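First comes the structure, then the notes that go with it.
All values derive from a computational prediction rather than experimental measurement.
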Amino acid sequence: MTSTPDLSRLDDIDGPDLEELGGFTGDTAPNPVDFVVFDIGNVLIRWEPLLALEPVVGRERADAFLTEAAIDFHGRNLRADGGTPWSEIVAELTEHDAAVGEVGQAYVDHYADAIREPIDGTVAILRELHEAQVPLFAVTNFSAELFPIARELHDFLELFEEIIVSGEEGVTKPDPEMWEILEEVTRHIGGLEDAVFIDDSSANVMSAEQAGLDALLFTDPDTLRDELLLRGLPLAPIVRDCRR
């Protein structure tokens, strides 16, 4: 278990000061954290499907594929995250319209371009926590067949003790079963109440909170750093320019 941070230093970092924190007491301060659980997409790696499609099929066809209700890209993508093979999804799209099926296959073939960009500030936090020997886990909604591409592109994914991939488990966040899987995987370290979980989806955050996790809605790396510092995690604070 990590030590509680010296809150008197918060006036010297680029984050909330003590007044903004509302005067934490022993009853209201965040619990100390024994391990950290990250989401991956749009927390550590930007996911932008347009980048996989536009260079191949053009902006107009890409936009139509990603936004038209009849195609339901996000619904189909969630099915893939839940374990449905992309070959099956592309076959369905092709049956609907051969041209749409071509775009679907282009997304799969060029998927690496959709996930090339790391979110550097969050990756820096991950590396600092790993260096400090904080146990790290991830729970991600991700196609099992496409996740190896992410591993190949981003070496920092090797810093996790274990990554729970929805496509391998056959269940996606925010299904409560995902937290049962996490509880089993992390049992050797502590209970879910001993963890902080980070996700960019409010639905996933709410589900995690209901399971007993201290869950943070990710907005940006600096805000996340401040939130983790408040929970006693060994991170360097953001130094504020006192001359401002």
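- Residues meeting the side chain to side chain donor-acceptor pair (under 3.5 Å) test with Trp47, sequence neighbours left out: Tyr107.
- Legend: salt bridge (charged side-chain N to carboxylate O under 4.0 Å, His left out) pairs involving residues 95-107, not counting sequence neighbours, sorted by first then second residue: Arg61-Glu102.
- With sequence neighbours excluded, the residues forming a side chain to side chain donor-acceptor pair (under 3.5 Å) with Thr223 are Asp220, listed by chain and number.
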Item to check | Trace of the side chain to side chain contact (heavy atoms under 4.5 Å, CB included) decision for Phe160 with Phe38 | outcome: CA-CA 9 Å; Phe160 290 106; Phe38 285 82; 3.8 Å; yes

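- The shortest non-hydrogen separation linking Pro234 to Ala132 is CG-CB, 3.4 Å.
- The minimum heavy-atom distance linking Ala215 with Ala208 is given by the pair CB-CB, 3.9 Å.
- Residues Leu229 and Leu136 are members of one and the same hydrophobic cluster, defined by side-chain heavy-atom contacts under 4.5 angstrom among Ile, Leu, Val, Met, Phe, Trp and Tyr.
- The list of salt bridge (charged side-chain N to carboxylate O under 4.0 Å, His left out) pairs with a residue in residues 174-185, not counting sequence neighbours, reads Glu184-Arg187.
- Nearest heavy-atom pair, Asp199 versus Lys173, reported as atom, atom and distance to 0.1 Å: OD2-NZ, 2.7 Å.
- Not counting sequence neighbours, Glu60 has no partner by the salt bridge (charged side-chain N to carboxylate O under 4.0 Å, His left out) test.
- Atom CG of Leu126 and atom CG of Leu157 lie 8.0 Å apart (nearest 0.5 Å).
- Residue Leu159 is grouped with residue Ile149 when hydrophobic side chains (ILVMFWY) are merged at heavy-atom distances under 4.5 angstrom, including chains of intermediate members.
- The salt bridge (charged side-chain N to carboxylate O under 4.0 Å, His left out) pairs that include a residue from residues 124-146 are Arg127-Asp155, Glu128-Arg225, where partners are two or more places apart or lie in different chains.
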Next on the checklist: If you apply the rule side chain to side chain contact (heavy atoms under 4.5 Å, CB included), what do you find for Phe218 with Asn42, and how did you get there?
Outcome noted: CA-CA 9 Å; Phe218 177 78; Asn42 290 328; over 6 Å; no

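- The closest donor-acceptor contact from the side chain of Arg231 to the backbone of Glu227 lies under 3.5 Å.
- Annotation: side chain to side chain donor-acceptor pair (under 3.5 Å) contacts of Asp109 (sequence neighbours excluded): Gln105.
- Phe147 is not listed as a side-chain neighbour of Ile115, based on a closest heavy-atom distance of 4.5 Å or more.
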Next on the checklist: Could you go through Val100 and Thr94, starting from their C-alpha distance and side-chain angles, then the distance that decides it, and tell me whether this counts as side chain to side chain contact (heavy atoms under 4.5 Å, CB included)?
Outcome noted: CA-CA 6 Å; Val100 172; Thr94 302; over 6 Å; no

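- Tyr111 and Val56 end up in the same hydrophobic cluster when Ile, Leu, Val, Met, Phe, Trp and Tyr side chains are linked at under 4.5 Å.
- Taking CD from Glu168 and OG1 from Thr140, the interatomic distance works out to 10.5 Å, rounded to the nearest 0.5 Å.
- The same ILVMFWY cluster, assembled from side-chain heavy atoms under 4.5 Å apart, contains both Val43 and Leu153.
- Judged purely by atom type and a 3.5 angstrom limit, Ser166 has no side-chain atom pairing as donor or acceptor with the backbone of Gly82.
- No more than 12 heavy-atom neighbours from other residues, nucleotides or ligands sit within 6.0 angstrom of CD on Gln133.
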Next on the checklist: What verdict does the side chain to side chain contact (heavy atoms under 4.5 Å, CB included) test give for Phe65 and Val57, after you've listed the backbone C-alpha separation in whole Å, the side-chain angles of each residue and the deciding distance to 0.1 Å?
Outcome noted: CA-CA 10 Å; Phe65 181 79; Val57 303; over 6 Å; no

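- Donor-acceptor pairing under 3.5 Å is recorded for the side chains of Glu161 and His188.
- Grouped by direct or indirect side-chain proximity (heavy atoms under 4.5 Å, Ile/Leu/Val/Met/Phe/Trp/Tyr only), Leu217 sits with Val205.
- For the atom pair CG of Leu233 and CG of Leu228, the computed distance is 5.5 Å after rounding to the nearest 0.5 Å.
- Sorted by first and then second residue, the salt bridge (charged side-chain N to carboxylate O under 4.0 Å, His left out) pairs with a member in residues 72-90 read Arg76-Glu92, Arg79-Glu88, Arg79-Glu92; sequence neighbours excluded.
- Between Leu51 atom CG and His110 atom NE2 the span is 13.0 Å, to the nearest 0.5 Å.
- Side-chain atoms of Glu48 come within 3.5 Å of backbone N or O of Leu50 as a donor-acceptor pair.
- With rounding to the nearest 0.5 angstrom, the CD1 atom of Ile198 is 11.5 Å from the OG1 atom of Thr219.
- Through side-chain heavy atoms spaced under 4.5 Å, either directly or across other Ile, Leu, Val, Met, Phe, Trp or Tyr residues, Met178 is tied to Phe35, Val37, Phe137, Val139, Ile164, Val171, Trp179, Ile181, Leu182, Val185, Ile189, Leu192, Phe197, Leu213.
- Among residues two or more places apart in sequence or in another chain, the ring pair (Phe, Tyr, Trp, His ring centres under 6.0 Å) test is passed with His154 by Phe156.
- Counting heavy atoms from C-beta on, the side chains of Leu129 and Leu235 come closer than 4.5 Å.
- The minimum heavy-atom distance between Leu93 and Gly104, with the atom names listed, is CD1-CA, 4.2 Å.
- Side chains of Ile163 and Arg151 form a contact here, defined as non-hydrogen atoms less than 4.5 Å apart.
- With sequence neighbours excluded, the residues forming a salt bridge (charged side-chain N to carboxylate O under 4.0 Å, His left out) with Arg116 are Asp113, listed by chain and number.
- We find the CG-CD1 distance between Asn141 and Ile40 to be 10.5 Å, quoted to the nearest 0.5 Å.
- Closest approach of Ile45 to Ala150, counting heavy atoms only: CD1-CB, 4.5 Å.
- Listed here is the closest heavy atom pair of Thr67 and Asp63: OG1-O, 2.6 Å.
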